[in-house]
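Whatever order the structure lists them in is the order used to number ligands and atoms, beginning at 1. All residue numbers in this chain count up from 1 along the given sequence.
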Amino acid sequence: MKFATRLTLYYLVATLLSLALVGVAILKGIEYYGMATVEKQLIEQSDSATLYITQTLLLEKLGPVGLQEIAEQVANNLSAGKRQVRIYDRQLRMLTASVDGVKQEEITLGTPDVHNLAPTLQGNYAYRIRNNRAYFASPIELQGQVIGVLEFVYPLDFLNQVLTSARNIFYAGAVGFALLITLFSISIARKVVKPIQQLVEATNRFAGRDFTPICLERSDELGQLSRSFSDMGNQLQDYIQRQRQFVANVSHELRTPLTAIKGYSEYLIDEVKGQPDLAKAVDHLNNESSRLTRLVNELLLISRLDAGREDFLFERVNLSELVKETLDKLQSRAAKYTIYFEEKVEPDVTVSGDREKLLQGILNLLDNALKYSPPGGKVEVGVAADGSSAYFTVADRGRGIPPQDLNKVFERFYRAANAKAVGGTGLGLAITEEIITAHHGKIQLANRPDGGTKVTVTLPRR
Ligand SMILES: Nc1ncnc2c1ncn2[C@@H]1O[C@H](COP(=O)(O)OP(=O)(O)O)[C@@H](O)[C@H]1O
Ligand SMILES: [Mg+2]
């Protein structure tokens, strides 16, 4: 998942959680406050109602038993709106029930709950909520004696309506708020991620040896990071530059003594003829100095290519002829490795290029094909062309290149793990790539499905 998406989701989850918490708290608060108000009112109302009943009893000079006589009338007087009034005697038998001033024979508001009423006989209130109704009972006392019970029944619809509308308002608000936060967090996430993306791009560029500095115009940590990055790039570039200069200097210094060694060793060959031991040593010396000379020449060439000091003499070059000539030159080496070149060369494919440099590139690639193929193998060498490009291909049936090394083998001195047993400097492909690039062409390496390596060089046609 992308970092920006993750950030947005985190914001959203945090928002929804806080909204849920706040919502539950508010709704519970409203409910609690509503219930408390209802209870308070019920206490006040029932206090004045029981007072009214006892005064009526006293006024009409009726004793405790008189409750039965006046029950219906007081119940009618006391009931109002949706409030139902029930009056019970001492044995908790219902004497009457009334709604909005009308006596109600049928008790539509639920059967009396004697169990709930019990505390009133001890002179207490009894309050409970059941099936969305509040039942509030209080004792009717006359001269310190409980003579009956008065019960109010309230439907709690209004409270539920308040809660439902509060909930709806809250839901609508929450959805709006969550949307707002999502939009907000998307824009924040974009802002946060953009500089990180720029840094990632710069890192990738650095990995590809492009050290163009990255500068984020910010004063925060990301700005600092971008500056450190650019510094690092500069240092790396500097380091590579110095390393290359060092290699160039050393190779240059080695050239003169090497020429001397080579010259003398060649001279010695004639001198030690007839002395087998010495001849062997001198031959070895001669071979090694040739090898070293080749290496130094390669190093010097790559240094000159780096510095742009190598001149390219562009002319019209017949690539087909050049490849055929090179193959002819390599015949004896191929025979030594018992390798057979299969030529698939279209005639007269021409390119614009430096003949000597192209020859060197072709030689490097064919040399690799020979070196990394098993004896008796076949190497297909092709030259072909289409509208705008010329193609030179070398396909061998050798050991191939481990996939993780495919890109690295173009780096100078890099040699794949499976090639270490074969002699080499790791400079051939680096030089060839430089040469091909100078010709505005490109070079690609691929492993063939049935084993071996295929190199394809593409050059602009002329
Ligand atoms: N045809 C090939 N088959 C297998 N591996 C190859 C082939 N060509 C190049 N390589 C790999 O690429 C590396 C670099 O090649 P190169 O630059 O020519 O250096 P060198 O041949 O001196 O080792 C080689 O060491 C080898 O690991
Ligand atoms: Mg090579």
Side-chain angles (χ1 to χ4, degrees), residues 209 240 243-244 247 251 254 287-306 310 323 326-327 329-330 332-334 336-344 356-383 391-439 441-458:
R209 297 265 168 97
I240 291 173
Q243 194 200 36
R244 289 183 175 181
V247 170
S251 330
L254 282 177
N287 283 341
E288 289 303 298
S289 57
S290 298
R291 214 161 67 90
L292 212 53
T293 310
R294 266 201 311 279
L295 169 64
V296 166
N297 283 340
E298 281 183 344
L299 285 173
L300 281 172
L301 174 62
I302 207 160
S303 303
R304 284 200 305 273
L305 285 169
D306 277 344
E310 183 68 12
V323 169
T326 321
L327 284 173
K329 276 189 204 152
L330 279 174
S332 63
R333 265 193 72 197
K336 199 172 95 191
Y337 287 99
T338 62
I339 281 170
Y340 157 65
F341 283 127
E342 185 177 283
E343 295 179 28
K344 287 182 180 165
E356 285 306 309
K357 303 283 186 322
L358 284 178
L359 175 69
Q360 176 149 19
I362 294 169
L363 261 175
N364 285 344
L365 298 180
L366 292 175
D367 178 62
N368 283 347
L370 288 180
K371 274 203 308 192
Y372 301 117
S373 291
K378 179 173 82 168
V379 174
E380 289 163 37
V381 181
V383 174
Y391 303 96
F392 167 58
T393 51
V394 183
D396 62 48
R397 282 164 171 58
R399 65 194 69 198
I401 301 173
Q404 69 274 18
D405 289 330
L406 265 177
N407 286 321
K408 295 189 189 152
V409 290
F410 287 105
E411 283 170 23
R412 43 198 76 178
F413 304 115
Y414 192 90
R415 307 194 66 221
N418 66 351
K420 296 277 158 72
V422 185
T425 57
L427 281 171
L429 283 180
I431 291 175
T432 309
E433 192 184 30
E434 295 267 3
I435 292 174
I436 301 301
T437 311
H439 282 80
K442 63 175 199 269
I443 175 167
Q444 285 162 307
L445 277 182
N447 282 319
R448 287 156 32 87
D450 50 345
T453 309
K454 179 171 182 177
V455 192
T456 308
V457 173
T458 313

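Using modelled atom types, one side-chain atom of R415 and one backbone atom of V422 make a donor-acceptor pair closer than 3.5 Å. Of the possible polar contacts, one joining the D396 side chain to the T453 backbone as a donor-acceptor pair under 3.5 Å is found. Of the possible donor and acceptor atoms, none in the side chain of K378 sits under 3.5 Å from a partner among the backbone N and O of R397. Proximity of a side-chain donor or acceptor of N447 to a complementary backbone N or O of G400 within less than 3.5 Å is not detected.
Residues K329 and L363 form no side-chain contact, since every pair of their non-hydrogen atoms from C-beta on lies 4.5 Å or further apart. For the pair L429/E433, no side-chain contact is recorded, criterion being any heavy-atom separation below 4.5 Å from C-beta on. Taking the side chain as every heavy atom from C-beta outward, Q360 and N364 approach each other to under 4.5 Å.
Under the 4.0 angstrom criterion for non-hydrogen atoms, N364 is not in contact with ligand 1. For K420, the heavy-atom gap to ligand 1 stays at 4.0 angstrom or more. Every heavy atom of G398 sits 4.0 Å or more from the atoms of ligand 1. Residue contacts with ligand 1 leave out F410, since none of its heavy atoms falls under 4.0 Å from the ligand.
Between the choices L295, N418, N368, the shortest heavy-atom distance to atom 9 (C) of ligand 1 belongs to N368. The closest heavy-atom contact to atom 12 (O) of ligand 1, among the options D367, V409, L365, comes from V409.
Among all non-hydrogen protein atoms, the one lying nearest atom 5 (N) of ligand 1 is I401 CG1, 3.3 Å. At the top of the distance list for atom 14 (C) of ligand 1, counting protein heavy atoms only, stands Y414 O, 3.6 Å. In this structure, the protein non-hydrogen atom closest to atom 23 (O) of ligand 1 is R415 NE, 2.6 Å. Here the protein heavy atom with the shortest distance to atom 16 (P) of ligand 1 is L429 N, 3.6 Å. Taking atom 24 (C) of ligand 1 as the reference point, the nearest protein heavy-atom neighbour is Y372 OH, 3.4 Å. Given atom 19 (O) of ligand 1, the protein heavy atom at minimum distance is G426 CA, 3.1 Å.
By the criterion of a heavy-atom distance under 4.0 Å, the side chain of D396, and not its backbone, is placed next to ligand 1. With a heavy-atom cut-off of 4.0 Å, T453 touches ligand 1 through its side chain alone.
In the vicinity of G400, heavy-atom distances shorter than 4.0 Å reach the ligand 1 atoms 4 (C), 5 (N). Counting the atoms of ligand 1 from 1 in the order shown, those under 4.0 Å from a heavy atom of K371 are 20 (P), 21 (O), 22 (O). Counting the atoms of ligand 1 from 1 in the order shown, those under 4.0 Å from a heavy atom of G424 are 22 (O). The ligand atoms of ligand 1 that sit less than 4.0 angstrom from a heavy atom of L427 are 17 (O), 19 (O). Each of the following atoms of ligand 1 lies closer than 4.0 Å to a heavy atom of T425: 22 (O). Taking every non-hydrogen atom of A416 and a distance limit under 4.0 Å, the qualifying atoms of ligand 1 come out as 25 (O), 27 (O).
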- request: Before giving the answer on side chain to side chain donor-acceptor pair (under 3.5 Å), spell out for Y372 and N418 the whole-Å C-alpha distance, their side-chain angles and the decisive distance to 0.1 Å.
  value: CA-CA 9 Å; Y372 301 117; N418 66 351; over 6 Å; no
task: Tell me, with the steps shown, if N368 and V455 meet side chain to side chain contact (heavy atoms under 4.5 Å, CB included).
output: CA-CA 10 Å; N368 283 347; V455 192; over 6 Å; no
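Every N/O-N/O distance between A419 and ligand 1 stays at or above 3.5 Å.
Taking a 6.0 Å sphere around CG of N407, one finds it holds 12 or fewer heavy atoms contributed by other residues, nucleotides or ligands. Applying the 6.0 Å contact sphere to CZ of R448 captures more than 12 heavy atoms from other residues, nucleotides or ligands.
Each of K357, R304, R412 was scored for a side chain to side chain donor-acceptor pair (under 3.5 Å) with E434, with one residue passing: R412.
Checking N368 against the Mg ion (ligand 2), an N/O/S atom falls under the 2.8 Å cut-off.
In summary, K454 and E380 do not engage in a salt bridge, as defined by a charged side-chain N under 4.0 Å from a carboxylate O.
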